[in-house]
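Position 1 is the first residue of the sequence; numbering continues from there.
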Amino acid sequence: MKLPNGKKAIYIKWVFKLKLNPEEKIMKNKARLVARGFLQKDGFDYTEVFSLVARHETTRLVIAVATSNA
């Protein structure tokens, strides 16, 4: 997508983490996508903050409703 003049893109990165059980065996592989917002300046790059958080169950429900209506 083309950005407006004078604006720059926010860089992102993947963060991976292993969750271990008490016996030190791998229980889960977790991944999340994070914005590298520390490169921005308040008032210049943004004026308000919004962080979208959706539960896994909600996402599954929305997809199920969308596929049943298709």
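Distance CG/Leu18 to NZ/Lys28: 12.5 Å, rounded to 0.5 Å. Atom-to-atom distance recorded for Arg32:CZ and Lys13:NZ is 9.0 Å, nearest 0.5 angstrom.
With contacts defined as side-chain heavy-atom distances shorter than 4.5 Å, the pair Lys19/Ile26 does not qualify.
Remark: side-chain polar atoms of Thr58 are not paired, donor with acceptor, to backbone N or O of Ala54 under 3.5 angstrom.
Its side chain within the 4.5 Å cluster rule, Phe16 clusters with Ile12, Trp14, Leu33 among the Ile, Leu, Val, Met, Phe, Trp and Tyr residues.
At most 12 heavy atoms of other shown residues, nucleotides or ligands fall within 6.0 angstrom of atom CG in Asn5.
For Lys25 and Glu23, the salt-bridge test fails: no basic side-chain N is under 4.0 Å from an acidic carboxylate O.
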